[in-house]
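Encoded as structure tokens, the structure appears first; notes follow it.
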Amino acid sequence: MILRVNRYRPGVDDAPVFQDYEVPDREDWAILDALTHIKDTVDGTLSFRWSCRMGICGSCGMNVNGEPKLTCGTFLTDYSGPVTVEPLRGFPVIRDLVVDIDPFLANLSKVSPWLVREGEEPETEFAQTPEQLEAYKQYSMCINCMLCYSACPVYVLDPDFLGPAAIALAQRYNLDSRDMGDRFDVLSTEEGVWGCTFVGECTSACPKHVDPAEAIQRYKLTAAMRSVLPFTRRRP
Amino acid sequence: MAAEEVDVLIVGGGGAGLRAAIAVAEAEPDATVAILSKVYPMRSHTVSAEGGAAAVIGLADSLDEHAYDTISGGDWLCDQDAVEAFVREAPRELIRLEHWGCPWSREPDGRVAVRPFGGMKQLRTWYAADKTGFHLLHTLFQTTLKHTEIKRFDEWYATRLVTDGERVHGVTAIDIRTGRIDTIAARAVILATGGCGQVFPFTTNAAIKTGDGMALAYRAGAPLKDMEFIQYHPTGLPFTGILITEAARAEGGWLINKDGYRYLQDYDLGVPTDTPKLRSMELGPRDRLSQAFVHEMQRGRTVETPYGQVTYLDLRHLGEAKINARIPFVRELCLSYEKLDPVTDLIPVRPVVHYMMGGVHTGVDGETPLQGLYAAGETACVSINGANRLGSNSLPECLVFGARAGAAAARYAVQAAKPDQQAVRTQGADERRRLEQERDGRDGGRERISEVRALMRRTLEESAGIYRDRDSLEKAAGTLADLRERAAVARLEDRSAAFNTELLAGLELGSMLDVAETIVASALNREESRGAHQRTDFPARDDAAFLAHTLAHRGPDGTPRLSLLPVTITRWPPGERVYGR
């Protein structure tokens, strides 16, 4: 099996180039296993991020044959012929398959992704029924792998767009019965939910079955309702 | 002048490190605090913890029972003052996590739900389905975003502690993105880099778990404690080593051999019952279950696979609804990595290196013998885990002792003298020369770093596995000395500055070799069997000689110097470990 890997070393390569590596066509190998095989036995200069290799740390997202994938959960047997591995689209490339994730983290921080409460902390837990937990649970499953950003046609053209994961995370807290915030000022903007053209690629790309597209559509409704109520700010 | 100066620098951004950062911010709001980690915080290995976090909550439970389970589970090597502090503060820590938004699983009336866990006599394990560590880590990380005063150095790799022999003054580190080698001066440093499972070939531990914090402390003169105690988790998936959580057994799963027989009944762990019984059979402690597997293998009752001998975890009788509700990640992992469905199929499992009971020697506030240096979480050895950790004690350990270390380091930092800039400058320049030489002068080496690493891993598995003996440990000590020389001249093909992961792999191998040497030397020195340390040549526990911690100091020639430190006993004198009867 041929792995066609996108290489870029700042200061060495003028532009990204493809390099082919022959890897054993092992039926139990993920794309990530093939990459570590290359790193350990063929070419020590290939750089990529990985860690847990069980689909939970979110480190190893790359574009595989043009689609954003977690390489630890995407297997060689899913492909025939050469497999192209490129860095995630939509982010500046630092080197080889490593992209700059600071813009993503900056967007996450913008939505106040923490429990907004006022008053003293009680001695015991806040009560929350299983149904109340269910109301936001799927949005809490995001592993920050950024595949949805890479799949999003809006984000790849406009890095100011908050993007699917950040909006889903905002909704994770908005829909939490313990949370008192609504994150209206940051969500109900052109860079927020109103920037989304509802293509739904984010939801298809998510390896954890989060539904950011639904989060965005639901908040559009919330924001529209709120903007017609008195004593609230209208969206610009 | 150092590029940066902070009051408290935390190395590591997982559960313990993030909790420590919040503790610093709360204890001393005027103190400056930063987290430096080789990965972004949400990539930290805490993310992989599955089953839960133990803390007394039910009316039927008591702090003393949690303490007794922990101490007997640890085969009486735990420091009981530390355990008492731990069980007392764990409930408050888990409630704080709840207040910060952690999506704990719930009872129908809205209270936090608890589940049984191995070696625990009461239901006290809080859980967020079977992604507890993931939710705990993301909750902590997102909460730190609220504290804008917490500065971060994401993807920086600490290479050395700056010290004057008595006190720490900061670290030298590589900014991985640019390759720049820099210094960060600090009045106090907290090590929270997690464990070192990558020293072994077959482990649940993520690729980043290379013992860096342990090696930093060790090289700076702080001792490592109880490094011979390595936890094998009984249920890892073959080939990948991916963990199948103990929660699968807590929810009613069975371990069976090739004949479909629940073999744990042959190993003094109780009699099989249809529903789980606490401290019995599949809910016995991890060390005893992993040892039972080895005996089954020796009796020819395991199953041969391309990736070694296995037994089976049987969840089929739980039914699809319960599996989806309580352990959905187990199903997801089996479908993805084994192409099988636990609703209808048996899961092949084998013991896998999971956790280090040992680590940097600390007191109950995370303090080390080196002034200004603290450690918490798996990097540290307080010790609450003794010779064998109970499942679901490690997440609350990260929180309780992360918080304690953070508060103690903050209090220390506000009254400590400023870091010695001269020392930081000089040692920073030394380190810059060393690392540039490392990066640029090693293209002629014969062996790859990965080859030396593979040999180290095999050496550890063959000598310091579930059962050990003098001959294999002595041989391993010799092999490791040889590998250290070979690692120093191993080939480095990548000389670029930006994101040079081959250089990092070389530095990580150096950390792992230090840690590996202390594991082998400590295991050789302990001529008894206790908890996870089983010597076939000394099969009995020997309280007269070894009711004591092993301390490993780095000697002048770079090899470990060992000594013993008595265990702190408060209220639970050493006794027999009894499970299932």
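These numbers come from the heavy atoms of this one structure, side chains and all, not from hydrogens, waters or symmetry mates. Proteins get letters first, then strands, A, B, ... in listed order; numbering begins at 1 in each.
- Two residues are said to be in side-chain contact when any heavy atoms from C-beta on lie closer than 4.5 Å; B:Arg106 and A:Thr129 fail this criterion.
- Heavy-atom pairs under 4.5 Å with chain B peak, among A:Asp176, A:Leu133, A:Leu46, A:Asp96, at A:Leu133.
- Of the two parts of B:Ile208, the backbone and the side chain both hold a non-hydrogen atom closer than 4.5 Å to a non-hydrogen atom of chain A.
- Of the atoms belonging to B:Glu155, it is side-chain heavy atoms, and not backbone ones, that fall under 4.5 Å from chain A.
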Given A:Asn144 and B:His138, is the side chain to side chain contact (heavy atoms under 4.5 Å, CB included) satisfied, shown in steps?
CA-CA 10 Å; A:Asn144 297 352; B:His138 280 253; 3.7 Å; yes

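- Contact tally against chain B (heavy-atom pairs below 4.5 Å) for A:Ile94, A:Ile56, A:Val98: the top residue is A:Ile56.
- Heavy atoms closer than 4.5 Å to chain A are found in the side chain of B:Arg92, but not in its backbone.
- Between B:His135 and A:Met141 the shortest side-chain heavy-atom distance falls below 4.5 Å.
- Contact tally against chain B (heavy-atom pairs below 4.5 Å) for A:Asp179, A:Val42, A:Thr36: the top residue is A:Val42.
- The choice from A:Phe75, A:Tyr173, A:Trp50 that makes the most heavy-atom pairs within less than 4.5 Å of chain B is A:Phe75.
- Using a cut-off of 4.0 Å between Lys/Arg side-chain N and Asp/Glu carboxylate O, B:Asp494 and A:Arg9 are scored as not salt-bridged.
- Interatomic distance, A:Asp40 CG to B:Ile449 CD1, rounded to the nearest 0.5 Å: 10.0 Å.
- With a 4.5 angstrom heavy-atom cutoff, B:Arg453 touches chain A only via side-chain atoms.
- The aromatic rings of A:Phe126 and B:His99 are tilted relative to each other, their planes meeting at an angle between 30° and 60°.
- Salt-bridge check for B:Glu502 with A:Lys39: failed, with every basic side-chain N at 4.0 Å or more from each acidic carboxylate O.
- We find the CD-CD1 distance between A:Glu123 and B:Ile95 to be 7.5 Å, quoted to the nearest 0.5 Å.
- Using a 4.5 Å cut-off between heavy atoms, A:Pro10 touches chain B through its side chain atoms alone.
- Most heavy-atom pairs under 4.5 Å with chain B, from the set A:Val12, A:Asp33, A:Asp28: that is A:Asp28.
- Below 4.5 Å, heavy atoms of chain B meet no heavy atom from residues 16-23 of chain A.
- Both the backbone and the side chain of A:Cys72 have a heavy atom closer than 4.5 Å to some heavy atom of chain B.
- Contact count versus chain A (heavy atoms, under 4.5 Å) is highest, among B:Thr143, B:Leu503, B:Val112, for B:Val112.
- At a 4.5 Å heavy-atom cutoff, B:Thr46 makes no contact with chain A through either its backbone or its side chain.
- For B:Arg177, the parts sitting under 4.5 Å from any heavy atom of chain A are the backbone and the side chain alike.
- Interface remark: of the candidates B:Lys209, B:Arg491, B:Arg96, B:Arg96 forms the most heavy-atom pairs closer than 4.5 Å to chain A.
- With a 4.5 Å cut-off on non-hydrogen atoms, A:Ser112 does not touch chain B at all.
- For a residue to count as touching a neighbouring chain, one of its non-hydrogen atoms must lie under 4.5 Å from one of that chain's; by this rule B:Lys131 touches chain A with the side chain only.
- Inter-residue side-chain proximity for B:Phe239 and A:Trp29 is flagged as met; some heavy-atom pair is nearer than 4.5 Å.
- A heavy-atom distance below 4.5 Å is not found between the side chains of B:Met42 and A:Ile143.
- The candidate with the highest count of non-hydrogen atom pairs below 4.5 Å against chain B, out of A:Ser109, A:Gly58, A:Gly55, is A:Gly58.
- A:Met54 and B:Ser48 make their closest contact through SD-OG, 4.1 Å (heavy atoms, listed as atom of the first residue, atom of the second, distance).
- Minimum heavy-atom separation, B:Gln142 to A:Trp114: O-CE3, 3.5 Å.
- A salt bridge links A:Lys208 with B:Glu332: the closest approach of a Lys/Arg side-chain nitrogen to an acidic carboxylate oxygen falls below 4.0 angstrom.
- Side-chain contact between A:Cys52 and B:Arg43 is absent, with no heavy atoms from C-beta onward closer than 4.5 Å.
- A:Asp14 CG: 12 or fewer foreign heavy atoms inside a 6.0 Å radius.
- When heavy atoms are compared at a cutoff of 4.5 Å, A:Arg95 approaches chain B solely by way of its side chain, counted from C-beta outward.
- B:Tyr40 OH to A:Asp102 CG: the interatomic distance, rounded to the nearest 0.5 Å, is 3.5 Å.
- Neither the backbone nor the side chain of B:Gln198 comes within contact range of chain A; no heavy atoms are under 4.5 Å apart.
- Judged by distance alone, with hydrogens and angles left aside, the side-chain atoms of A:Gln128 form no donor-acceptor pair with the main-chain N or O of B:Gly110 at under 3.5 Å.
- Counting heavy-atom neighbours within 6.0 Å of B:Arg111 CZ, excluding the residue itself, gives a total of 12 or less.
- Atoms CD and CG, on B:Glu98 and A:Leu115 in that order, are 8.0 Å from each other to the nearest 0.5 Å.
- Below 4.5 Å, heavy atoms of chain A meet heavy atoms from B:Leu145, B:Lys146, B:Arg152, all part of residues 145-152 of chain B.
- With a 4.5 angstrom heavy-atom cutoff, B:Asn205 touches chain A only via backbone atoms.
- Side-chain atoms of B:Thr501 never come within 3.5 Å of backbone atoms of A:Ser47 as a donor-acceptor pair (strictly under, hydrogens ignored).
- Looking at B:Phe134, the atoms closer than 4.5 Å to chain A (heavy atoms on both sides) all sit in the side chain, from C-beta outward.
- Looking at A:Arg53, its side chain does come within 3.5 Å of a backbone N or O of B:Thr240 through a donor-acceptor pair.
- Nearest heavy-atom pair across B:Pro103 and A:Ser140 is CG-OG, 4.2 Å.
- Smallest separation of non-hydrogen atoms from A:Lys137 and B:Ala129: NZ-CB, 3.9 Å.
- No side-chain heavy atom of B:Leu94 sits under 4.5 Å from any side-chain heavy atom of A:Glu125.
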